[in-house]
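The shown structure was predicted, so the numbers you read here are calculated from the model rather than taken from an experiment. So you know, we letter chains A, B, ... as the sequences are listed, proteins then strands, and number each from 1.
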There are 2 protein chains.
Amino acid sequence: MTEAPVLLDAETRAHEHPADHRTELRLWLRLLTCTNLIESEIRSRLRRHFGVTLPRFDLMAQLEKAPAGMTLGELSRRMMVSNGNVTGLVERLLETGHLERHPHPADRRAVVVALTPIGRQMFATMALAHAEWIAELCAGLAPADVSQLMRLLGGLKSHVKEVAHG
Amino acid sequence: MTEAPVLLDAETRAHEHPADHRTELRLWLRLLTCTNLIESEIRSRLRRHFGVTLPRFDLMAQLEKAPAGMTLGELSRRMMVSNGNVTGLVERLLETGHLERHPHPADRRAVVVALTPIGRQMFATMALAHAEWIAELCAGLAPADVSQLMRLLGGLKSHVKEVAHG
DNA sequence: ATCCATTCTTTCAAGTATAAAATACTTTCG
DNA sequence: CGAAAGTATTTTATACTTGAAAGAATGGAT
């Protein structure tokens, strides 16, 4: 079974000697760990300080950026979650008075939801704390590290989008 | 409202002029987006190719690394999810014959679960595909980028752990 | 030997999430 | 106009997840 060493380009080599991709796996694991650590810390602080869940905070954050409101489908796309999920989240936020519904001016299928004044006020308070928490959690990185990370993750993000949807 | 410029250390400045932390927020958003994009792509491929959910794959991946099996608590810690969550996942994997239970040799409170031969075989197949998918999704990064990212995320991870638990 | 804090698992309720099918509406084009 | 194609939302079913509480077992201290 011994073979003479042969020069091969990268693609051929990958077919002949299937790489174990160990490095990429470790990177993915670390990326996942970082995200999970931050996310669960934020989740528990939101609950402790404001009695709010992270998905609800995220939904309100999207609406804050659209003062005129947004359709459920638009919310679903921006939050990168399923339609049915958004329906349920909106229902609960309507009950608590943070959101209000309007008919879509042009499209009778669509519903537009927007923050109520109370919801907007509530979100403003939470967003301030949230930004400080994120900064605190990222404080281990020097400013140069932050921009390095932005750049590298930007490249990763656009490549993943290509692979996934392209 | 004009003020004479004053030299302040970082902490004082943060109190006087509460920073908006825009950069850190953008970094967090991008980190989250990258993770979610990859995760949902992997999730849908696992379902399409193997009819398996990501949580179940993750659980099997932990058990693969411990041929003698593992207690539920240990699984819960390594997967960074709640105890009750693991109980449910294990139940379903027992039903499908991928896992088996043994009493813990020394501790009667604990339950040890391990992959069955079928589970191990199944996981081996999936793990191979999974590693290739991750490598494909990371292919946008040069090898130097990968190690840069590893280093930067490593720093972030340890700092977050300190802030969260320390 | 008994108490007690801790650890391990299960259970429960509420909430979050997906996928797939169903329903309702709009636009386009014949 | 009216059918077809496409878009928007809801519904349904199932699965995942957490947080909290409860029960069983352990190990150490008295």
Side-chain angles (χ1 to χ4, degrees), chain A residues 32 35-37 39-60 62 69-96 98-99 101-113 164, chain B residues 32 35-37 39-60 69-96 98-99 101-113:
Chain A
L32 194 56
T35 303
N36 286 344
L37 282 174
E39 190 172 308
S40 76
E41 182 66 17
I42 294 297
R43 186 189 301 278
S44 92
R45 290 192 189 189
L46 278 175
R47 169 181 299 276
R48 202 162 58 244
H49 290 265
F50 302 112
V52 156
T53 64
L54 183 53
R56 293 182 198 188
F57 175 81
D58 287 341
L59 195 152
M60 292 173 80
Q62 291 299 332
M70 204 184 286
T71 66
L72 297 197
E74 185 67 17
L75 267 174
S76 160
R77 275 188 297 278
R78 299 212 190 175
M79 295 177 69
M80 301 198 292
V81 299
S82 66
N83 282 343
N85 191 354
V86 169
T87 300
L89 282 171
V90 164
E91 255 168 30
R92 276 162 240 140
L93 284 166
L94 285 170
E95 281 168 15
T96 56
H98 295 102
L99 258 55
R101 304 167 56 120
H102 306 292
H104 189 286
D107 188 339
R108 250 186 305 174
R109 292 167 301 179
V111 183
V112 174
V113 290
Chain B
L32 193 56
T35 303
N36 286 344
L37 282 174
E39 190 172 307
S40 76
E41 182 66 17
I42 293 297
R43 186 189 301 277
S44 91
R45 289 191 189 188
L46 278 175
R47 169 179 299 274
R48 202 162 56 241
H49 291 263
F50 303 112
V52 157
T53 64
L54 183 53
R56 293 184 196 188
F57 175 82
D58 287 342
L59 194 151
M60 292 173 81
M70 205 184 286
T71 66
L72 297 198
E74 186 66 17
L75 266 175
S76 158
R77 275 188 298 277
R78 299 211 191 177
M79 295 177 69
M80 302 198 291
V81 300
S82 67
N83 282 345
N85 191 356
V86 169
T87 299
L89 284 171
V90 163
E91 254 168 32
R92 276 161 292 218
L93 283 166
L94 286 169
E95 281 168 17
T96 56
H98 295 103
L99 258 57
R101 303 169 56 119
H102 307 291
H104 190 286
D107 188 339
R108 250 185 304 173
R109 292 168 300 179
V111 183
V112 174
V113 290

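- Between the B/Thr71 side chain and the B/Val111 main chain, no donor and acceptor come within less than 3.5 Å of each other.
- Taking each heavy atom of A/Ser76 and A/Asn83 in turn, the nearest pair found is OG-OD1, 3.0 Å.
- In this structure, A/Arg48 reaches neither bases nor backbone, as no heavy-atom distance under 4.0 Å exists between it and the strands shown.
- Distance B/Asn83 CG to D/dA24 P: 17 Å, rounded to the nearest Å.
- Within 4.0 Å of A/Val111, counting heavy atoms only, lie sugar-phosphate atoms of the nucleic acid but no base atom.
- Going from atom CG of A/Leu93 over to atom CG of A/Leu89 covers 6.5 Å, rounded to the nearest 0.5 Å.
- For the pair A/Leu46 CG and C/dT16 C1', the interatomic distance rounds to 15 Å; values are reported in whole Å.
- Distances shorter than 4.0 Å separate none of the side-chain N or O atoms of B/Arg108 from OP1 or OP2 on C/dC8.
- Looking at every heavy atom in both residues, B/Pro55 comes nearest to B/Met79 through O-CE, 3.9 Å.
- Between B/Ser40 and B/Leu72, the residue whose closest nucleotide on DNA chain C is further toward the 5' end is B/Leu72.
- The shortest non-hydrogen separation linking A/Met70 to A/Gln62 is CE-O, 3.5 Å.
- Between A/Asn85 and C/dT16 there is no side-chain N or O to OP1 or OP2 distance below 4.0 Å.
- OP1 or OP2 of C/dT10 lies within a sub-4.0 Å distance of a side-chain N or O belonging to B/Arg101.
- Side-chain N/O atoms of A/Arg109 and base N/O atoms of D/dT7 include a donor-acceptor pair closer than 3.5 Å.
- Note: CG (B/Leu75) to P (D/dT17) measures 13 Å, nearest angstrom.
- Rounded to an integer number of Å, the gap from CG of A/Leu89 to P of D/dT9 is 15 Å.
- When distances are taken from the side chain of A/Asp107 to each of D/dT18, D/dA8, D/dT10, the shortest belongs to D/dA8.
- Within residues 49-56 of chain B, the residues approaching DNA chain D are B/Thr53, B/Pro55, B/Arg56, by heavy-atom distance under 4.0 Å.
- Taking atom CE of residue B/Met80 and atom P of nucleotide D/dC16, one finds them 18 Å apart after rounding to whole Å.
- Mapped onto DNA chain D by nearest heavy atom, A/Gly73 and B/Gly84 fall at different nucleotides, with A/Gly73 at the one closer to the 5' end.
- A salt bridge links A/Glu74 and A/Arg77; the closest N-O separation between the charged side-chain nitrogens and carboxylate oxygens is under 4.0 Å.
- Proximity of A/Ser82 to the phosphate of C/dA19: no side-chain N or O atom is located under 4.0 Å from OP1 or OP2.
- Taken to the nearest 0.5 Å, the CZ atom of A/Arg92 stands 10.5 Å off from the CG atom of A/Leu59.
- Which of D/dT26, C/dT9, D/dT11 sits closest to the side chain of B/Ala110 comes down to C/dT9.
- Taking both residues in full, the closest heavy atoms of B/Phe57 and B/Val52 are given as N-CG1, 4.0 Å, listed atom of the first, atom of the second, then distance.
- Between the NE2 atom of A/His104 and the C1' atom of D/dT10 there is a distance of 17 Å, given to the nearest Å.
- The distance between atom CG of B/Asp58 and atom P of D/dC16, rounded to the nearest whole Å, is 11 Å.
- Ranked by how close their nearest DNA chain D nucleotide is to the 5' end, A/Arg43 and A/Thr71 are led by A/Thr71.
- With rounding to whole Å, A/Leu93 atom CG is found 18 Å from C/dA14 atom P.
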